[in-house]
Protein chains: 4
Amino acid sequence: MAPSLTEKCRELAVSAMKDGISQAALEVLKQYGYEGLTMDRVAEVAGIAKGSLYHYFRNKQELVTYLFEQTIEPAIQAGEEIFQRVVPAVEKLEAMVRMWFDYFSQHRALFDFLFRDPAVRELCLTSRRSKNGLAIDRFSAILRQGISEGVFRPLDVTYAAEMIIGSLQFVIERQLETGEAHPIEVSVRRLMDIVLHGIGASSASAESPSAIGQRCEAPQVEGKTGESSEPSQVAAE
Amino acid sequence: MAPSLTEKCRELAVSAMKDGISQAALEVLKQYGYEGLTMDRVAEVAGIAKGSLYHYFRNKQELVTYLFEQTIEPAIQAGEEIFQRVVPAVEKLEAMVRMWFDYFSQHRALFDFLFRDPAVRELCLTSRRSKNGLAIDRFSAILRQGISEGVFRPLDVTYAAEMIIGSLQFVIERQLETGEAHPIEVSVRRLMDIVLHGIGASSASAESPSAIGQRCEAPQVEGKTGESSEPSQVAAE
Amino acid sequence: MAPSLTEKCRELAVSAMKDGISQAALEVLKQYGYEGLTMDRVAEVAGIAKGSLYHYFRNKQELVTYLFEQTIEPAIQAGEEIFQRVVPAVEKLEAMVRMWFDYFSQHRALFDFLFRDPAVRELCLTSRRSKNGLAIDRFSAILRQGISEGVFRPLDVTYAAEMIIGSLQFVIERQLETGEAHPIEVSVRRLMDIVLHGIGASSASAESPSAIGQRCEAPQVEGKTGESSEPSQVAAE
Amino acid sequence: MAPSLTEKCRELAVSAMKDGISQAALEVLKQYGYEGLTMDRVAEVAGIAKGSLYHYFRNKQELVTYLFEQTIEPAIQAGEEIFQRVVPAVEKLEAMVRMWFDYFSQHRALFDFLFRDPAVRELCLTSRRSKNGLAIDRFSAILRQGISEGVFRPLDVTYAAEMIIGSLQFVIERQLETGEAHPIEVSVRRLMDIVLHGIGASSASAESPSAIGQRCEAPQVEGKTGESSEPSQVAAE
DNA sequence: CATGAATGAGTGTTCATTCAT
DNA sequence: CATGAATGAACACTCATTCAT
């Protein structure tokens, strides 16, 4: 017999509760950080009794895992969608980068710990690793496509994928940390520029002839305490 | 009155104790992970009474912060030393990258949590931020130097620095995670290659023959001809 | 009005449910032990909702009590049947012993906690006491019969009954504990032998004259740690 | 170096605390039963913080085990002492029975659960089994001695020992349950009488010839002649 | 009646921190 | 100063019981 109406209804309700609880957990996470993510608080924020949490999640780990899966899923899907497009590799890469910029920016508090916290890492190991691996896979595949298209140099695609993802994450992290939020488009363009052409002046030699002649200058320590980050944009685009 | 001899002695003793304790903490950290870093264990490993810890550190946070400072200091110093060298930017950059590769590889267990754990992050926020900032500052300065030398394109040095550091961290993290450890030299070369020339095929061979003869280039670590010749594995695994 | 047919039907249904539930409880008990006897599990095994349990039993205690009554009832009945027989006391006694041996052996998991667990004891106090008392009563009566028959010595029948029951229980318990299961007939015969004739050599003096003369030997501690129980059967059958 | 004075003092203090706590646990046990034996209550009764319990016992199990060992130890010792005496087996047996009567009577609340509770049984399994086994061993040895002395019939000493212990325990239990406390001496004498001579009238046949004619006796397990001469106290009230 | 989600007091256990010695 | 016993607020998790549907 097919699942009765009642059953379907219940299933829906359960799903809704799980989502509600995981949202509450996310809330707690944002507010108190991982160490402050206690079942009590989750229950309180969710507006239910502590014991009720255990109707929906066998234990804390399951809740955290669920939250993780839930949150990362849309990005995974979006990534897949981009990956499936029939467009040049560069375009795909840029779309991917943009998507992750978007996504990371919006879910910072979450990724901040979901991607980084070793404790959670332990918890979600399988899941996380596969997801992280998936991202690398997708980027790798795009790079491979680009290589066959002749627009990317032949190189170790996995390594390059890792570098791109690392750049992406760190840049976003920094932006969120320092609070200065450039428009995403600017960030995407900058990143793509460097990823594609590197920082070397090889092709740009014509662009900055003025620099010629400067040899091996001594470092100019600007008495910075290390915190503040002066404007420092030399040129950008 | 100037600090008496006794005072100086005491100060020294205190410093020694703090170091000993933080080393004990590091030991515990390596063995039990962050969640297992309890004051009891630290005291035990340090061979002193638990209460005594609180003579040297007001609380756990302070101890962790101190440990962080202590551990990252050598890298900071090494970075400073590299930074101060009077050598071309590319060489500096490569030295810096190599140093961090080394350092990260060796202190994985530590950084795994010192750099990543949001809990610790919370604790060491100020410190960490400044250190992270310092790293970015140094990389930025090197990039700036390279730009004036004409070997780097003019670009947002902070942004580029962040990308490089992000790449660095993520690549190392992945290597540690997957267990496959390429020789550091290989990693360094690969990273430098992509950082310098990007992944695009455009600037690679045909487009920038003009780049030949580039001044102040990074010391070609190995038999690399100016011709961007990296064997560079395609397809990876 | 006399109890309507509907009422009777309902009563029957209720009774059936109670039995089903108590059987489920017994199942849980066997599988998980007393500490694992939760209402959830009972409901699950019984195939009904947890809430429904409370329609048939006011609380857990009532359920356990019911289970106790239910389980011991057959033994009680069997005991009554034996008691009613018109046969010599010795035969009755032996039948009784055999019945309890059988019963205990089969319901070990149950009695293990029904008879022994003080928690349950608390719960079933009245019931248990009466049942225990009933057993004692029956044994006592048999003893009394035996005394008038002249086959038993005149003695405090209650006291003797208690001793017999105690022996019975402990012997069975030990067998179940150590795992070695003698055939019930052997156990019954041995027990009856000692119960009837005691351990004294009074009548056996003629049988082991060789032993005479040995007086007050020093104890022979065989360096046993106390766990292992060597065969040690001196004679038995 | 020998343990310093400080160390010895500390050790003593720790021991005292452990005893105090286990006494508190015993108190709780008596008052609330095993299910009510919570660490909170123990702490409260002991007049210390709950956390402090864990300085002295790693967990609840360890506390319960300690309590068990502590409580049973004196009886074990007393049993050993009796066992070592150089006296006839019957005397030993009686002393043993008396000792256990005494001991059980005094520590009823404890044994009630230490010996019987399956939950605790699980906990103290090794310990308990060995202790129980020890008791059986000692009784067995005494019986064996008696057999060589010629005062006991040759029989399975383990089995007989179990029966005696079972009788002992049950009789005491009943007394404590019903509240009627006969003087211990009476109990001891009665038990010894039945243990030694059994309940059968075999030896008393001469004394109560009127009983002759009623046969249908149980099958005489061994080749005992109807004769047999035991005086066999009638007693009973 | 049957249901099962909701409850919340309670369980054993941990650990940063304090303080009398 | 050094000590380590004492603390008590947390923690994750359980489960008998209730009650709206």
Side-chain angles (χ1 to χ4, degrees), chain A residues 6-7 9-10 13-14 16-17 35-44 46-64, chain B residues 10 13-14 17 35-44 46-64, chain C residues 10 13-14 17 35-44 46-64, chain D residues 6-7 9-10 13-14 16-17 35-44 46-64:
Chain A
T6 330
E7 196 139 336
C9 186
R10 165 142 50 257
V14 164
M17 279 301 290
E35 302 264 280
L37 179 62
T38 70
M39 296 302 262
D40 285 78
R41 272 202 261 260
V42 172
E44 193 188 21
I48 62 175
K50 182 165 47 163
S52 301
L53 295 181
Y54 291 84
H55 279 303
Y56 300 98
F57 301 99
R58 242 198 306 278
N59 49 38
K60 192 181 177 182
Q61 168 175 343
E62 209 169 280
L63 166 55
V64 171
Chain B
R10 166 143 46 250
V14 164
M17 281 301 291
E35 304 264 281
L37 178 62
T38 69
M39 296 300 263
D40 284 76
R41 273 202 260 257
V42 172
E44 192 189 21
I48 63 173
K50 185 163 44 162
S52 301
L53 295 180
Y54 290 84
H55 279 298
Y56 300 100
F57 301 99
R58 230 195 319 269
N59 49 35
K60 193 180 178 183
Q61 167 175 344
E62 211 170 279
L63 165 57
V64 171
Chain C
R10 166 144 45 252
V14 164
M17 281 301 292
E35 305 262 281
L37 178 62
T38 69
M39 296 302 263
D40 284 76
R41 273 202 261 258
V42 172
E44 192 190 20
I48 63 174
K50 185 164 45 162
S52 302
L53 296 180
Y54 289 84
H55 279 299
Y56 300 99
F57 302 99
R58 232 197 315 272
N59 50 34
K60 194 180 177 183
Q61 166 174 344
E62 212 169 278
L63 165 56
V64 171
Chain D
T6 330
E7 197 138 337
C9 185
R10 165 141 51 255
V14 165
M17 280 300 292
E35 302 263 280
L37 178 60
T38 70
M39 296 302 262
D40 285 76
R41 273 202 260 258
V42 172
E44 193 188 21
I48 63 174
K50 183 164 48 159
S52 301
L53 295 180
Y54 290 84
H55 279 304
Y56 301 98
F57 301 99
R58 244 198 306 278
N59 48 39
K60 192 181 178 182
Q61 168 175 345
E62 210 170 279
L63 165 55
V64 170

| query | Just how far, in rounded Å, is P of dT14(F) from CG of Leu53(A)? | reply | 12 Å
| Considering only heavy atoms from C-beta outward, does the side chain of Tyr56(B) approach that of Glu62(B) to under 4.5 Å? | no
| query | Do His55(D) and Val14(D) touch side chain to side chain, with heavy atoms closer than 4.5 Å? | reply | no
| Sub-4.5 Å side-chain heavy-atom contact between Met39(D) and Glu44(D) | no
| field | Any Lys50(B) side-chain heavy atom under 4.5 Å of Arg41(B) side chain | value | no
| query | Using a cut-off of 4.0 Å between protein heavy atoms and nucleotide atoms, how would you tag nucleotides 13-21 of chain E 5' to 3' with B, S and -? | reply | BBSBBB---
| message | So which atom in Ala43(A) and which in Ala49(A) form the shortest heavy-atom distance, rounded to 0.1 Å? | response | CB-C, 4.0 Å
| Any side-chain heavy atom of Ile48(A) sitting closer than 4.5 Å to one from Met17(A)? | yes
| remark: note: Tyr56(A), atom OH; dC13(F), atom C1'; distance rounded to Å ~ 17 Å
| query | Under 4.0 angstrom, heavy atoms only, what part of the nucleic acid is Phe57(C) near: base, sugar-phosphate, or nothing? | reply | nothing
| remark: Checking N1-N3 plus N6-O4 or O6-N4 for Watson-Crick, or N1-O2 and O6-N3 for wobble, each under 3.5 Å, the partner of dT7(F) is dA16(E)
| field | Any strand: nucleotide that pairs with dC1(F) via Watson-Crick or wobble, under 3.5 Å | value | none
| query | What does Ile48(D) touch in the nucleic acid at a heavy-atom separation under 4.0 angstrom: a base, only the sugar-phosphate, or nothing? | reply | sugar-phosphate
